[in-house]
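Below is one structure, written out as structure tokens, with a few remarks after it.
Note that this is a predicted model, so its numbers are computed, not measured. FYI, side chains are in, hydrogens and waters are out, and symmetry mates aren't considered; it's all heavy atoms of this structure.
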Amino acid sequence: MTFEMIFVLVMVVAMLAGLLFEVARPDMVIFSVLVIFLITGILDTQEALSGFANEGMLTIALLFIVAGAVQKSGLVDQFMKSWLNRSRTKTGSMLRLLVPSSFFSAFLNNTPIVVTFTPLIKKWCDEHKIAPSKFLIPLSYVTILGGTITLMGTSTNLVVHGELLNRELEGFSFFQLAVVGVPIAIIGMIYLMTVGHKLLPEHKGIQQQVQEESREYIAELVVGQDFPHINRSVQLAGLRELEGLYLIEIIRGEDHISPVRSTTVIQAGDRLIFAGLISTLAELQKKKGLYIETGTNIEIDDLRDGTSQLVEVVVSHQSSLLSKSIKQSRFRSKYDAGVIAVHRNNERIHSKIGEIVLKPGDTLLLLAGPDFIQNYHQSNDFYVVSSLDTPKSLREDPKKGWFSITVLLLMITLVALGIVSMFKAMALAVFIFLVTRMITPEEAKGYVQFNVLLIIASSFGIGVAMTKTGLAQLIADKLMAIGQPLGFFGIILVLYLLTNIFTELITNSAAAVLMVGIGLEMADKLQVDPTGFAVTVAIAASASFITPIGYQTNTIVYGPGGYRFTDYIKIGAPLSIIVMLTTVSIVNFVWF
């Protein structure tokens with residue numbers, strides 16, 4: 001090994017460790033490694049920036065906008081709502097959920113599909129007295145499997161496609177991946193409806209837990225006539241910076257004042273509702289004129305009225321809230337919402353709410369203003385998974401919805417017939433949506449997940465560094481030596497396994513970019529068609545079932561389903577093995 005190879009290897013291992021231990025946001029970790037390669041001369045400027053001009057990466061950017069325009073109409077979730085309501089049995093409901101979800105995810109970004117369907121399923125489960133944990137992991141898994149059916153189904157397919165084009169090889173055709181994608185989707189659904197369904201836990205979601213244990217989450221105090229700070233602001237009354245407690249609402253007669261601002265004036269007779277460490281109420285008991293309502297029967301739902309609502313959100317991987325405490329992020333003033341509870345790994349975090357440092361996948365129960373969902377349903381900071389109805393302002397004219405779906409279907413047809421490339425089709429679709437004012441430029445910008453694009457573009461540069469220094473070829477030789485005794489089947493199996501391990505530990509797009517270079521080196525060494533190796537990497541990078549952090553959809557359902565980390569291992573490990581053996585067998589038969 002040369003010094004350059006050792007240096008690149010050390011940096012890649014450091015990057016993997018940084019991603020695994022969440023030392024910073026994933027896009028920042030990967031981009032930092034790219035900058036180091038540029039500064040040290042491992043890459044020149046053109047090589048470092050090659051990922052930012054990659055066709056696969058740019059297609060993903062356009063696809064975010066197209067998917068956003070289709071989702072905006074609400075037709076997809078309206079269809080799912082009426083479709084689910086027609087089911088009479090649990091098995092029938094599962095079938096009605098899994099089949100359309102996998103179909104939609106073959107043509108739309110699966111992240112907004114899961115965000116849209118999660119509250120619908122939770123509400124349906126509440127009405128039918130079924131634990132949402134029986135449905136939400138299957139929802140995530142089938143959207144992952146459905147995404148492997150077409151070229152546009154998931155970003156990993158487009159990333160691998162872009163790398164093939166980059167190397168002047170033939171990319172994937174629109175339905176080429178369906179040779180593997182359709183069988184694994186069908187086999188996966190059968191598993192989830194039989195063995196997997198029995199392994200699924202019956203957990204309560206955060207809102208249900210808080211509802212049942214409201215006395216552990218909220219406390220009520222009444223302001224007496226002898227309170228020395230009557231007609232003064234919350235700040236001046238000393239109710240802002242409290243030890244472990246968070247003033248989330250003031251009930252004044254029939255009025256609910258929420259979120260409570262530092263300038264809100266306290267009046268005699270006000271009922272102050274606090275959330276947080278209720279065991280720390282002693283500090284408030286010392287304040288003259290504040291009386292704890294020990295016999296209070298206030299429920300979580302009592303906090304909600306016409307001006308405030310309960311909203312459940314999941315912190316995203318690209319959130320600006322990461323690595324900051326709730327207090328440091330100025331959450332209350334930034335989002336016009338108070339935090340009632342924070343759950344991680346289905347367990348309440350027993351800490352002062354203001355001092356909790358947020359991580360991806362944390363579930364927050366908020367008491368928010370009336371415009372919260374309208375303002376933040378497209379936020380990159382969190383996924384709104386509340387079971388509230390969609391605000392009327394977000395419901396579009398059905399004609400516009402059908403128009404957007406027609407444009408999407410037309411573009412898919414053009415790509416499938418080979419008339420235009422995927423990039424040109426998506427560029428044309430975005431152009432049509434903007435010209436017809438289906439979406440505004442501001443909305444288009446909001447749909448694009450820039451952090452995901454930065455991860456992909458930076459990963460391409462790191463892939464170039466691995467190939468340029470010969471590290472990719474060295475790893476390819478080692479993998480081939482391990483799999484050689486079993487022939488092509490063994491070589492494909494080893495490539496699949498390593499890619500799948502990477503995607504469970506780091507992001508799926510980064511895993512695809514790092515491993516596709518190694519796969520193509522293996523194909524070159526063996527003098528065979530590289531398509532089989534590219535398909536293997538694309539499927540393995542998407543098939544993340546064992547952890548809640550390997551794929552965004554797994555993270556989204558983590559808190560709302562009330563899951564524990566071990567639930568993913570228990571249900572996902574058998575599915576991973578089934579998908580791996582099916583994929584490797586089909587690839588070996590079709591391409592080798």
Is it true that a side-chain atom of [X] and a backbone atom of [Y] form a donor plus acceptor pair closer than 3.5 Å?
{"X": "Ser319", "Y": "Val315", "result": "no"}
{"X": "Thr118", "Y": "Val114", "result": "yes"}
{"X": "Thr547", "Y": "Glu504", "result": "yes"}

For a quick check under 3.5 Å, do [X] and [Y] share a side-chain donor-acceptor pair by atom type?
{"X": "Ser509", "Y": "Ser155", "result": "yes"}
{"X": "Tyr551", "Y": "Thr154", "result": "yes"}
{"X": "Ser320", "Y": "Asp381", "result": "yes"}
{"X": "Tyr558", "Y": "Asp362", "result": "no"}
{"X": "Ser325", "Y": "Glu355", "result": "no"}
{"X": "Ser542", "Y": "Thr156", "result": "yes"}

Atom [atom1] of residue position [X] - does it have more than 12 heavy atoms of other residues, nucleotides or ligands inside 6.0 Å?
{"X": "Lys334", "atom1": "NZ", "answer": "yes"}
{"X": "Phe431", "atom1": "CZ", "answer": "no"}
{"X": "Tyr447", "atom1": "OH", "answer": "yes"}

Kindly indicate, with the supporting measurements, whether the criterion side chain to side chain contact (heavy atoms under 4.5 Å, CB included) is fulfilled by Val313 and Val385.
CA-CA 5 Å; Val313 301; Val385 292; 5.8 Å; no

Evaluate the side chain to side chain contact (heavy atoms under 4.5 Å, CB included) criterion for residues Glu312 and Thr363: first the C-alpha distance (whole Å), next the side-chain angles of each, then the deciding distance (0.1 Å), finally the verdict.
CA-CA 7 Å; Glu312 200 174 322; Thr363 308; 3.7 Å; yes

For Pro138 and Leu200, which heavy atoms make the closest approach, and how far apart are they?
CG-CD1, 3.6 Å

So which heavy atom on Leu428 is nearest to which on Met411, and how close?
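Looking at all heavy atoms of both residues, the shortest contact is CD2-CE, 3.8 Å.
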
Apply ring pair (Phe, Tyr, Trp, His ring centres under 6.0 Å) to Phe372 and list each qualifying residue two or more places apart in sequence or on a separate chain.
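By the ring pair (Phe, Tyr, Trp, His ring centres under 6.0 Å) rule, Phe372 matches Tyr376, Phe382.
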
Checking Phe107 now: which residues fulfil ring pair (Phe, Tyr, Trp, His ring centres under 6.0 Å) with it, not counting sequence neighbours?
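In terms of ring pair (Phe, Tyr, Trp, His ring centres under 6.0 Å), with neighbours along the sequence ignored, Phe107 is linked to Phe103.
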
Intermediate values then yes/no, salt bridge (Lys or Arg N to Asp or Glu O under 4.0 Å), Glu249 and Arg271
CA-CA 8 Å; Glu249 184 170 81; Arg271 295 163 65 195; over 6 Å; no

For the aromatic rings, using the six-membered ring if either is Trp, is the centroid distance between Tyr141 and Phe545 under 6.0 Å?
yes

Kindly write out the residues that satisfy side chain to side chain contact (heavy atoms under 4.5 Å, CB included) with [X], not counting sequence neighbours, or none if the list is empty.
{"X": "Ser101", "result": "Met80, Leu97, Phe117, Leu139, Val142, Thr143"}
{"X": "Ser329", "result": "Leu321, Lys324, Phe331"}
{"X": "Thr440", "result": "Glu442, Glu443"}

Apply salt bridge (charged side-chain N to carboxylate O under 4.0 Å, His left out) to Arg232 and list each qualifying residue two or more places apart in sequence or on a separate chain.
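Once residues adjacent in sequence are excluded, Arg232 has no partner under the salt bridge (charged side-chain N to carboxylate O under 4.0 Å, His left out) criterion.
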
Does the side chain of Met57 come within less than 4.5 Å of Leu453's, by heavy atoms?
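Of all side-chain heavy-atom pairs linking Met57 with Leu453, at least one is under 4.5 Å.
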
